Amino acid sequence: MTVALRTRLDRGRRRGASLWWGTGVLSAVVLLCVLAPLLSPHGPNEIVAVPFSAPSAEYPFGTDALGRDVFVRVWVGGRLDLVIAAIVVGVSLAVGTVVGIVSGATPRRWLDALLMRFVDALVAFPFVILVLALIVVVGRTRSFWFLPPGAPAIVIASLLVNWSIYARLARAETMSLRGSDHVAAGRMLGYPQSRIVGRHLLPGVVRITASYAVADVVIVVIATASLAFLGTGVQAPTAEWGSIMYEGRAVLGTSWWITTFPGLVLAVTGLAVTLIADALLKVER
Amino acid sequence: MTAILEARAVTKRFGVDGPPAVDGLDLAVAPGAGVGIVGESGSGKSTLARMLAGVLPPTSGEIAVGGRPWTAVDRRDQLRRRVQMIFQDPYGALNPWLSARDAVAEVIRFWDRPTRAEARERASQLLADMGLTADAMGRRPRGLSGGQCQRVGIARALACAPDVLIADEPTSALDVSVQAQILNLLVALREERGLAIVLISHDLAVVRHLTEDAAVMYAGRIVERAPTHEMFRSPAHPYTRLLVGSIPGMSGGEARTAHDPGVADHPCRFAPRCPRRADDCIAVRSHDPHLPGGRWAECVHPHLPAAAPVQRTQTQHGGRT
């Protein structure tokens, strides 16, 4: 076996390994988010024991300042974090890709300029101030459908800023594909613009934006948790990784488990998603 | 003889005030004709090819297909099918997300609207005619060799049932052994389907193999036109002579070190490199390029087949319209 072939196989095996580890760990986190609260005899806001009990067999992550089970709160909170991330990333991916491809493929220069200046304006706007402004507008206690108070403002604010990154990525990729011979061939074969965009540009553009979307899940989860940690996110008593950590920060020295466990789960989830994103991006090249 | 594809005084400029890539060029392609266009890199060959195929609009001048300018041909117009092109980069010309069969079937479905199964059937047949194995038809460009990709590109062009096939350096990205296969395929297509072909190449041997008429391009202009065999036998333009002389195994040319194409103030673009440059070779554009013996070259001091001293015609009006 040649050296080149062997390194290629090794690289393939490593890539496979990181993909398996990533999906394995992420599935475990999702599974726990879904199942742990169902299997637990009590709810996330129920006072079950003495406040600040250290981790034990009955309460693996200990209890918080009110005597609630941190283990249950972490997994119930995870549901919210992952749902917010899924909504924000999903909508951003769809909207950003469409706007970017339109901007990059349109023969009308003014339309491209208009869309991109709009994106520039959004990106230039400070994110935290935008969230604060939205919370004033939407209301701290406004809930929407299954989203608890505070969450709708986060979703709207994240979406407003987030889709623009996809739009820029999609536009750049569209511009580069547009000059390629297979798009020229499409024009030569008489295909209408809609078919060229849909069949000859979109698959390549989605490849780029979808790869980014996987990595973006981590960014959105961390942003959501950070906002709660700053006190502007999901409102108490709703459990969410950032809000649990926020509540535990004052007693970090004595009751370390309240902040440490949600932080650990957040970090592990982020790592798993990054591993997946990494493996997927390598497959593309 | 009515030309099926005709370029009239076509100019293409990239950027606002760059030198023109193609400069006031005329070319006519008759049905079933084989026209070779030769020139070195940067002479504007590929730009011309794209304009002829209607994918690049000229800055000025007009390209007409079946008598109608490209600008008046709608995308869905049946005229659109009649001129097709095969590209220099066989991979890049194919949609990377479609299999060979799907790429060809897409064209058939688009133009002829048969059922999905029938389109697939016809695509498979066409690809098989081009020498692609059934196994390769299901693969995407990434899984195909350069030669296979070029066969797919040719099949896709033929799926339109064109009258003219423009081949822009169809073999320059391929291995030598595969080059011959693709060229033989093009020869067979001309014989079987009566296709006119515009072959664009820097490789004189390829042009000689496939065409009856040849034109030599230099810095965006055609500097010599002649029947292919005659051009090779006795090149009239000093630049043609230089090109012919640079083929290994060909004799009769004057080998000379090539400099960068100097587009100086000199009216003749080739003058800075020309071994025959003289003080009076000015104003080529007002000079009649028709030479005795039915030859055509934009040169004041051409090489003529007869050993006689240069008899240049003294007409002062422009030779081109």
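First the proteins, then the strands, lettered A, B, ... as listed; each starts at 1. As the structure is a computational prediction, the values presented were derived from the model and not from experiment.
For B/L56, no part sits under 4.5 Å from any heavy atom of chain A, backbone or side chain. If you measure heavy-atom distances from B/R156 to chain A, the contacts under 4.5 Å come from both the backbone and the side chain. Using a 4.5 Å cut-off between heavy atoms, B/R80 touches chain A through backbone and side chain atoms alike.
Residues of residues 90-106 of chain A never come closer than 4.5 Å to chain B when only heavy atoms are counted. Residues of residues 174-197 of chain A lying under 4.5 angstrom from chain B, judged on non-hydrogen atoms, are A/L177, A/D181, A/H182, A/A184, A/A185, A/R187, A/M188, A/L189, A/G190, A/Y191, A/P192, A/Q193, A/R195, A/I196 by number.
The number of heavy atoms from other shown groups lying within 6.0 Å of CH2 (A/W21) does not exceed 12. Remark: B/R139 CZ is packed, more than 12 non-hydrogen atoms of other residues, nucleotides or ligands lying under 6.0 Å away. Heavy-atom neighbours of A/F118 CZ from other residues, nucleotides or ligands within 6.0 Å: at or below the threshold of 12.
In terms of heavy-atom pairs under 4.5 angstrom with chain A, the leader among B/A93, B/G54, B/A159 is B/A93. Among B/P96, B/A53, B/C160, B/P141, the residue making the largest number of heavy-atom pairs under 4.5 Å with chain A is B/P96.
The shortest side-chain heavy-atom distance between B/W97 and A/R199 does not fall under the 4.5 Å cut-off.
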